[in-house]
Number of protein chains: 2
Amino acid sequence: MTTVVTMMASGRRAETRLRLFGAAVELIAEQGYTATTVDAIAERAGVAKGTVFYNFGTKEALFSGLLEHGVGLLSTALSGAAAGETALDALDAVVMAQLRFFEEYGAFARVLLAEMWRTAWQDAVARLRRDVLGVYADVLRRAVAEGAVRGDLDVETAATAVFGMVLTVAIERRALHPDRPIERVHATLVDLLHGRVTG
Amino acid sequence: MTTVVTMMASGRRAETRLRLFGAAVELIAEQGYTATTVDAIAERAGVAKGTVFYNFGTKEALFSGLLEHGVGLLSTALSGAAAGETALDALDAVVMAQLRFFEEYGAFARVLLAEMWRTAWQDAVARLRRDVLGVYADVLRRAVAEGAVRGDLDVETAATAVFGMVLTVAIERRALHPDRPIERVHATLVDLLHGRVTG
DNA sequence: TTTTTTGTACTGACCAGTCAGTTTTAAAAG
DNA sequence: CTTTTAAAACTGACTGGTCAGTACAAAAAA
């Protein structure tokens, strides 16, 4: 049972909410948002259907909350890793943090990738761009300032590219090569980024 | 109206099928598979609902056919670009071909990204891995043979990484920076891959 | 003549959301 | 410590609507 949830303000209600997030993220990862019924979420969470609506009001609000929560965790994980001697060390560390995060919360990775583009969740997506892609952009800008990277690098595009690359690889690895050590995947990606592959 | 469809064996029936693919890919890109109704697809295609079932039998079969069709076009586009003096030239060309393909068929890119992970479409996904990721893997292997790339490169992971990177960037560009020239995006990605960014 | 499409009407399953009633919790009163 | 009280949390049967798929007769195309 891998869930996006770990800890949060305690209390009966908060606990129920987290159980619902956990059930929802797994089911939505497998079936997609629309195909996942509130009944199924409630059943997996071990609560009555009415409880879902008592806590969130609508199915959409439940999903919105789930996205917010997950993006928050991801953002925390990445920015926590962004420290480092040089900007390039920091970049490696952020890539590793993203790989580890999706290793633990693989269901959330798939939900993100699948549902990120729907207009219904603009708020969570905006936050993803600001707080998650922003970490990559900051690190890259720092690298520019340190002179480790060409000054005319298109930082926005590069940040998206790295994030998408890691996300795709993390999902593919979980689906097809779960035994492959995450360190090996990290090494491949880091080599790609540092030009130790070609030339 | 951007559709995945371009040309195919002519005939009334084939034409109807392609119109349905075109309508379906747009709607599914916006709303997702489950949320898209057969009624809506038929209406946008300008066809009676019964015609959908006459041609495909089920909604799932329509979508399966759409995926097959799109993956076939993508595979053709990429392998057609994989020629080139050196393997690294070929890699650049394949990246460009993928960017161009998703520029033209942006709706299909989003459908791929969103629905690729559901177990229901294993066949199309297997073909994607074989025929599309395979093009990247081949080019990278060729680069290894030419000595342009380290011999111990994890070709599979690298191929997935590059494909995912380009896919993510292509979608993000269409959504957020439609005016940004595709050549500039290509230059950023190619620089990343050739180590002209760091060091 | 055969194949394909149309339009309308129908069905049966499924599902988000509601609501009246029940249980739990915690605190105040005795 | 026990009882009372009221709010908060939870329950599950029910409802109204939606949708994939069917049926079919008539029309259009090949």
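Reminder, nothing fancy here: chain letters follow the sequence lines and each chain counts from 1. Every value quoted in this text rests on a predicted model; they were computed, and no experiment measured them.
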Distance check needed: [N] [atom2] versus [X] [atom1], whole Å only.
{"X": "B:E60", "N": "D:dG21", "atom1": "CD", "atom2": "C1'", "value": "13 Å"}
{"X": "A:R19", "N": "D:dA9", "atom1": "CZ", "atom2": "P", "value": "15 Å"}
{"X": "B:D39", "N": "C:dC10", "atom1": "CG", "atom2": "C1'", "value": "13 Å"}
{"X": "A:I41", "N": "C:dA16", "atom1": "CD1", "atom2": "C1'", "value": "11 Å"}
{"X": "A:F63", "N": "C:dG17", "atom1": "CZ", "atom2": "C1'", "value": "19 Å"}
{"X": "A:F56", "N": "C:dA16", "atom1": "CZ", "atom2": "P", "value": "15 Å"}
{"X": "B:R17", "N": "C:dT4", "atom1": "CZ", "atom2": "C1'", "value": "11 Å"}
{"X": "B:Y54", "N": "D:dC24", "atom1": "OH", "atom2": "C1'", "value": "14 Å"}

State plainly whether the residues [X] and [Y] are in salt-bridge range, i.e. N to O under 4.0 Å.
{"X": "B:E156", "Y": "B:R129", "value": "no"}
{"X": "B:E30", "Y": "B:R110", "value": "no"}
{"X": "A:R173", "Y": "A:E103", "value": "yes"}

Query raised in the report: Across the strands shown, which category fits A:T36 at heavy-atom distances under 4.0 angstrom: base, sugar-phosphate, nothing?
Result: sugar-phosphate
Query raised in the report: So, B:Y33 versus B:E60: side-chain donor-acceptor pair below 3.5 Å or not?
Result: no
Query raised in the report: B:T16 side chain N/O closer than 4.0 Å to the phosphate oxygens (OP1, OP2) of C:dT5?
Result: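 Yes, because at least one side-chain N or O of B:T16 sits under 4.0 Å from OP1 or OP2 of C:dT5.
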Using the side-chain heavy atoms of [X], tell me which of these nucleotides is nearest: [options].
{"X": "B:F53", "options": "C:dA16, D:dT22, C:dG17", "answer": "D:dT22"}
{"X": "A:K59", "options": "C:dT6, C:dA16, D:dC10", "answer": "C:dA16"}
{"X": "B:T37", "options": "D:dC19, D:dC10, C:dG17", "answer": "D:dC19"}
{"X": "B:N55", "options": "C:dT5, C:dG17, D:dT11", "answer": "C:dT5"}

Query raised in the report: Can you find a donor-acceptor N/O pair under 3.5 angstrom joining the side chain of B:K49 to the base of C:dG7?
Result: no
Query raised in the report: Would A:D92 and A:H194 satisfy side chain to side chain donor-acceptor pair (under 3.5 Å), going step by step from the backbone distance to the final call?
Result: CA-CA 10 Å; A:D92 294 359; A:H194 290 217; 2.9 Å; yes
